[in-house]
2 protein chains.
Amino acid sequence: MEAGKRERLTRDRVLSTALEVADADGIAAVTMRAVADQLGVEAMALYRHVADKDELLDGLVDSVVAEINDACRLLPMLQHPPDWRVVVRRRILTARTVILRHRWAPQLISVRGTLGPGLLEYFDHLCAEMIAGGCSIDLVHRAMHALGSRALGFSPELFVPGSAAADNADIAMDEMANFAEKYPHIIALASEMMAHDDASTVGWCDDQTEFEFGLDLILDGLEARRAL
Amino acid sequence: MEAGKRERLTRDRVLSTALEVADADGIAAVTMRAVADQLGVEAMALYRHVADKDELLDGLVDSVVAEINDACRLLPMLQHPPDWRVVVRRRILTARTVILRHRWAPQLISVRGTLGPGLLEYFDHLCAEMIAGGCSIDLVHRAMHALGSRALGFSPELFVPGSAAADNADIAMDEMANFAEKYPHIIALASEMMAHDDASTVGWCDDQTEFEFGLDLILDGLEARRAL
DNA sequence: ACCTGAACACCGTTCAAGT
DNA sequence: ACCTGAACACCGTTCAAGT
């Protein structure tokens, strides 16, 4: 769908269109041909603005990270934070709000080892906050490993309820009897989750609550080792 | 390369060959045609034993998980463990030894939400160990979220040193001056890592040490909340 | 019953040709 | 200078044909 006069193609237009496609139809739908179609242009035209598909995907990561950094810049300065944890926690949860707008981003960030200026800036600020809070460089280093992707606001869920898990649940219905025999603790877990399934949770687990629980677990552990 | 007489094709032969290809050349090299070639057979012959490529990849995950469960079964019973943490920790580190033999597995496990019998067994035993150690069902539930993929022995590294990171390091050499100005804390981190680069570490970070640090951080945090 | 061959739809990418 | 069209190599997959 080319709207009105044909605008000149730019790298930014290519990337923002690719981002639209990803937001709408997932990362798998981001093909050179699909992005070109959306721009009302032939696939080969894109190659004047990105070297290849890898560079396009890296560009998508950069876009999301830029959005994270923008959001973090809007955070008000905390004058007398009681602890480095509250400021680090706030930054990470801010990153998370951006990640939640682009659900495809975690997978893309995980799979590509690309460390662009945006990510460097994000992690530099994160490290700065820890150091300002009295953490040693060594602890900061270990913190980055311990946090992993959680530092960027997401923790890859091993099983996404609704994909294959949901299908399996249907199949399991047939043999629910020996299922309960074979995996009694999983069943206990599942019923506990059902019980907690009140209005405040979306589906089985409330991801945000779980994310914050895991995050605080790590931050508290780090603080304990800092104050050792 | 078809060795001697043409053996009959079986699902197991297809899966174990696919696993060989993945171990040798990475998960991207696992194509229907490549696996078939390795078996000295045409690509379409595989479709009699796996429904499609998705099922083949799920089969690969199942194989690795089966290997994990086999390894866990060999663990000797601990008669008087001081704590649920030591037994959970041991199971997870055992899973990790298997994962390290199949570096492509983490990505595959993360991206597919498949919860087969093997994974159910693994998690059932893991939950059992926590419950036997005095953890509430609620805590076990939260532990699974907090651990995430770490429960299976891996935590996805955000930046793999040696891939794009290494390339960036070369490029950064050109502008090392303003790099240090723009990301002073990252530089501090990097030099700290260099300093620790003795014989016991492979490259910048010793992954095993970092994995265990993060794991213990979470286990200790959970124990603290259990004993509350 | 089991495997093959040719074909289709889709992908990233190259390259010569158009304007 | 910028975009197009046809083509190539590779992928998963279908289907009729071979043995």
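Note: hydrogens, waters and symmetry copies are ignored here, and every other heavy atom, side chains too, is used. Lettering of chains follows the sequences in order, A, B, ..., and the numbering in each one begins at 1.
- Residue Met32(B) is in sugar-phosphate contact alone, with no base atom involved, counting any heavy-atom pair closer than 4.0 Å across all strands shown.
- The distance between atom CG of Leu46(B) and atom P of dC2(C), rounded to the nearest whole Å, is 15 Å.
- Nucleotide dA16(C) has dT4(D) as its partner under the Watson-Crick or G-U criteria, with both atom distances under 3.5 Å.
- Among the nucleotides dG5(C), dT13(D), dA6(D), the one closest to any side-chain atom of Met44(A) is dA6(D).
- Here the side chain of Arg103(B) pairs a donor or acceptor atom with the backbone of Leu100(B) at under 3.5 angstrom.
- The side chain of Arg8(A) has dC2(D) as its nearest neighbour among dC11(D), dT4(D), dC2(D).
- What separates CD of Glu55(A) from C1' of dG12(C) is a distance of 15 Å, to the nearest Å.
- dC11(D) is unpaired under the Watson-Crick or G-U wobble criterion, no partner having all donor-acceptor distances under 3.5 Å.
- Taking every side-chain heavy atom of Arg33(B) into account, dA7(C) is the closest of dA7(D), dG5(D), dA7(C).
- For the pair Tyr47(B) and dT14(D), the criterion of a side-chain N or O lying under 4.0 Å from OP1 or OP2 is not met.
- Between dT4(D), dT4(C), dG12(D), one nucleotide has an atom nearer to the side chain of Ala45(A) than all others, and that is dT4(D).
- Across dG12(C), dT4(D), dT4(C), the shortest atom-to-atom separation from the side chain of Val41(A) is found for dT4(D).
- Not a single donor-acceptor pair under 3.5 Å links the side chain of Arg112(A) to the backbone N or O of Gln107(A).
- Judged purely by atom type and a 3.5 angstrom limit, Tyr122(B) uses its side chain to pair as donor or acceptor with the backbone of Ala151(B).
- Side-chain atoms of Arg48(A) lie closest to dC3(D) of the nucleotides dT13(C), dT13(D), dC3(D).
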Would you please test Phe154(B) and Ser110(B) for side-chain contact (heavy atoms from CB on, under 4.5 Å) and show each step?
CA-CA 10 Å; Phe154(B) 65 95; Ser110(B) 304; 3.8 Å; yes
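- In this structure, Lys53(B) atom NZ and dC10(C) atom P are separated by 18 Å, rounded to whole Å.
- When the C1' atom of dG12(D) is taken as reference, atom CD of Glu42(B) falls 15 Å away, rounded to whole Å.
- Atoms CG (Asp54(B)) and P (dC11(D)) sit 17 Å apart, rounded to a whole Å.
- At whole-Å resolution of the value, CG in Asp37(A) and P in dT4(D) are 11 Å apart.
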Going through the checks in order, is the side-chain contact (heavy atoms from CB on, under 4.5 Å) test met by Leu39(A) and Leu46(A)?
CA-CA 10 Å; Leu39(A) 283 161; Leu46(A) 304 183; 3.9 Å; yes
